[in-house]
Amino acid sequence: MDYRFREIEKRWQKYWEENKTFKTGDDLTNPKKYYILDMFPYPSGSGLHVGHPEGYTATDIVSRYKRMNGFNVLHPMGWDAFGLPAEQYAIQTGTHPAVTTNKNCDTFRRQIKELGLGYDWDREVNTTDPSYFRWTQWIFIRLYNTWFDKGLGKGRDIAELPVPQGISDKGEKAIREYKDSKRLAYYDDAQVWWCSNCKIVCANEEVLTDGSHEKCGNPVVKKNLKQWMLRIPEYAERLLDGLESVDWPGGVKEMQRNWIGKSTGAEVDFPVEGSNTRIKVFTTRPDTLFGATYMVLAPEHPLTPILTKPGEKKNVEQYVVEAAKKSDLDRTDLARDKTGVFTGSYAINPVNNKKIPVWVADYVLTGYGTGAIMAVPAHDRRDFEFAGKFGLPVEAIMDPDTRDTDLREKVLKGEECWTEDGKYINSANSKTGLDINSLSKEEGIRVTITWLREKGLGNAMVNYKLRDWLFSRQRYWGEPFPVIHWEDGEITLLDESELPLELPHLEEYHPGANGESPLANSTEWLYVTGPDGRKGRRETNTMPQWAGSCWYYLRYIDPKNSESIFDSDLERYWMPVDLYIGGAEHAVLHLLYSRFWHKVLYDLGIVSHDEPYQKLFNQGMILAFAYETATGAKVAADMVEERGGSFFHKKTGEELKQIVAKMSKSLKNVVNPDDVTKRYGADSLRLYEMFMGPLEATKPWDEKGVKGVFNFLNRTYRFFSDELNLMDGDEDNETLKVLHQTIKKVTIDIENLRFNTAVSSMMIFTNLALKKGKVTRKSAEMFILTLSPFAPHLAEEIWHLYGNTVSLANHPWPQYEEKYLIEKTIEYPVSFNGKMRFTIDLPAEIEPAEAEKRVLADPRAEKWISDKQIRKIVVVPGRIINIVL
RNA sequence: GCCCGGAUGGUGGAAUUGGUAGACACGUUGGACUUAAAAUCCAAUGGCCGUAAGGCCGUGGGGGUUCAAGUCCCCCUCCGGGUACCA
């Protein structure tokens, strides 16, 4: 019978939809629950590309497998639908982003259904739906009303914040300011890239390396704008700790640790000569204080203008302007030339009372540490380069621990930099009373910190690279903040009962004046009057796209609840997410932000677990073929023709090179799953996505490869759908063995997310069945069940042909039996000096000594031994025999 | 720059996690079927030498550990992801 995949797939998709086959069970007494989650997509206008179904097919297979193993499965899908493209489209066409968004969601939903992916569509969420973002706003209010209690190491309600006597004495305003300084969400100036031509804030990626705006080519500068910020660094330690308990790829954990960037050290105050001002620095190496020969302030440091002497004013001001044009990446790039200017001021090094110059340089960043450093050029590479360039003194305070005498001499003379360990020298001062000479590094650090503390000059300190999270965007298409700015400067949040605060309908989506979002143009929405007659203005910023994706996994649990964010019993049952699959590009930001919110909700007693995602897996990216000329110019795929295995430009006839690149509109190499489904069917697409290679690998899409799995499905369908190929009675021994091997392999591979080898083992079984010509009905049924999570339409069809009247989706998973897998003999490879020469069949249970004897008795061994002395024979039971000559 | 990954036939990949390198596919070549094509089926297919038996080489490059290295260690090259307003 022909494999009529179009008809078959349509039939079963209809069946699943009508029977709600994949509806989540509501039996909370079933202890076997499995919450399996895909990173939900941004529904772009171009629809799905073949990269999306990769992860979705993987989770679908696991879902179906778990369901067949008696699990209560939660497997939902939704849309991360706020975002820039819909807004830009609105600016151009005036179409409301909600219209565009809904259309795109419809396309995505249709495409996903046509792939036979078994989601519970009754739980679909959409971040742009007011009934969803109502709760995003609700969480924001929670963040605003939470402070982090360092003593307890957890977030608490702001009402429980103890206000020091000195502050409460000063009255309401002081108390309010104190509380605001502790809230997890706060409103303050933050630096953003500003294009004065377009009058908008730019994303880093929109700023080109020469500091110009990608869209208009005009230079961008950094500008301070009032922004909402979240104090994620308060949770740094918790975010580090939590990584210990989750089953995530090591690389992702490592990236998160590095991103948090914990470093321990000390903060040290440097008095400024002739002033009461002190410069506070953070250093991981307080033990090198004796080597500090100058100081550096970040250009944006508040003391920069104050410490600049009149004679240096022009230089410094110009330098600060220039620095504002550079990105952090440019500024800290080790390979780049260091720049800086002298302020004219001097600080006093507290350990030896030496006068040291204060410079301004952009290799020091405001956002990290205190925005000022003490420079120890003898023992820090960046400081050494800077000192060399500007002729600043280099004083070695560490005798290098090296055998390279030449290098050691240079270091001691200040001609080389030494960042490794050594013995302290020149590290004592009788007047200040600090002496760390001859101590080890740890002791040096400890003694110096004790000394600093005693003198009131500093203290031990932990610093994190992790910065406050800039949580607002100057956009229309995002969640509005439930915030009112009153004319007297007070900020209040809406009451929960007033949520959701919806977006106003606009005629015009152009940005507002002075970098405000388009919401600033919606005067009716914007201005409010309080019950007391006080006038106020709503927040015009909206939340970033991260906001909706930070907690969507929680809403899936109870998506239609209008009373609360979700039901607690349901949350306790379903959380944590058992398996989360998505792209590695989200390794840090999304996953870190999401964990942060979850921990706050946990501290407030809203969720029951400290970590949201128990197991994480990153699927690799799918690339596509692209073409380039000999000079490396890219050629759009529709301009290329293939002739005899080579590729040529259709117009110029030039021979082109086939390369592998990201799918992109400009290269015209985007593969649409619809085209593949039309030609080969959804089961083929699914199977190919899994067969291409390991789920985590980056791999190129090759249409020819689809043919391979299509052939397999064709053969499988033709063989197993034909009654003539089925027999009653006992199964052939070889068939039985391979069948059970296949079930075992597929079972273990699904558990380990190794789908590519599962598919190949099923191919092996079908190939054998075809060779044998007949299999028993029982074998056929077991095989079809094994195949069903991968090619569900085809499997349901054959299952139905075998006389079953209900879907196999809830049929128990086939069990393999070890007794069919036992081998009586093992084919041992025999190698001489590690080179395999021949194989020998030996009983599986053979003793090593007996194996040795049998090998040496084999005539083929003679040739390799000849007259040589046998030095050793290694027999690894079940594996190999190696004879060392 | 910094952090995290990766590199195996003409191509995608497999390799019991230190034990026969190339499973399973694609492609190619030859054959069968056909008036022909498609589809399907059968066979061969890492490179080099050889009629063959067989031999030598071979997992990005260089070194090392081991009876044994694609797998472990050190150094290098190239490619990909992230780099906080793309999400």
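Being a predicted model, the structure only gives us computed values, none of them experimental. Residue numbers begin at 1 in each chain, while the letters A, B, ... track the order of the sequences.
- In this structure B:G18 sits in no base pair that meets the Watson-Crick or G-U test at under 3.5 Å.
- At least one side-chain nitrogen or oxygen of A:Lys707 sits closer than 4.0 Å to the OP1 or OP2 atom of B:G27.
- A:Met763 comes within 4.0 angstrom of the backbone, heavy atoms only, and of no base.
- Contact annotation: A:Lys835 side-chain N/O to B:C57 OP1/OP2 distance is under 4.0 Å.
- The side chain of A:Trp864 sits closest to B:G55 out of B:G12, B:G55, B:A84.
- Both A:Val759 and A:Ala697 sit near RNA chain B, but only A:Ala697 has its closest nucleotide nearer the 5' end.
- A 3.5 Å limit on both hydrogen-bonding distances identifies B:U45 as the Watson-Crick or G-U partner of B:G27.
- Nucleotide B:C33: unpaired (no Watson-Crick or G-U wobble partner with both distances less than 3.5 Å).
- Nearer to the 5' terminus of RNA chain B, by closest-nucleotide assignment, is the contact made by A:Gly834 (compared with the other of A:Asp80 and A:Gly834).
- Note on A:Arg475: every side-chain N or O is 4.0 Å or more away from OP1 and OP2 of B:C86.
- For B:C3, its base never sits under 3.5 Å from the side chain of A:Asn258 at any donor and acceptor pair.
- At whole-Å resolution of the value, CD1 in A:Ile873 and P in B:G19 are 21 Å apart.
- OP1 and OP2 of B:G54 both lie 4.0 Å or more from every side-chain N or O belonging to A:Arg837.
- You won't find any donor-acceptor pair under 3.5 Å spanning the side chain of A:Glu585 and the base of B:C86, going by distance alone.
- OP1 or OP2 of B:C26 lies within a sub-4.0 Å distance of a side-chain N or O belonging to A:Asn711.
- Of the listed nucleotides (B:G13, B:U16, B:C41), B:C41 has the atom at the smallest distance from the side chain of A:Arg718.
- If you check B:A84, B:A14, B:C4 against the side chain of A:Trp259, the one that comes closest is B:A84.
- Across all strands shown, the partner of B:A7 is B:U77, judged by Watson-Crick or G-U wobble contacts whose two distances both fall under 3.5 Å.
- In this structure, A:Pro694 reaches the sugar-phosphate backbone alone: every heavy-atom distance under 4.0 Å involves primed, P, OP1 or OP2 atoms, never a base.
- Anti is the classification of B:U34, since its glycosidic angle lies more than 90° from 0.
- Here A:Asn541 does not reach the OP1 or OP2 of B:C85: none of its side-chain N or O atoms lies under 4.0 Å away.
- With a cut-off of 3.5 Å on both pairing distances, B:U66 has no Watson-Crick or G-U wobble partner at all.
- With a cut-off of 3.5 Å on both Watson-Crick or G-U wobble distances, the partner of B:U71 is given as none.
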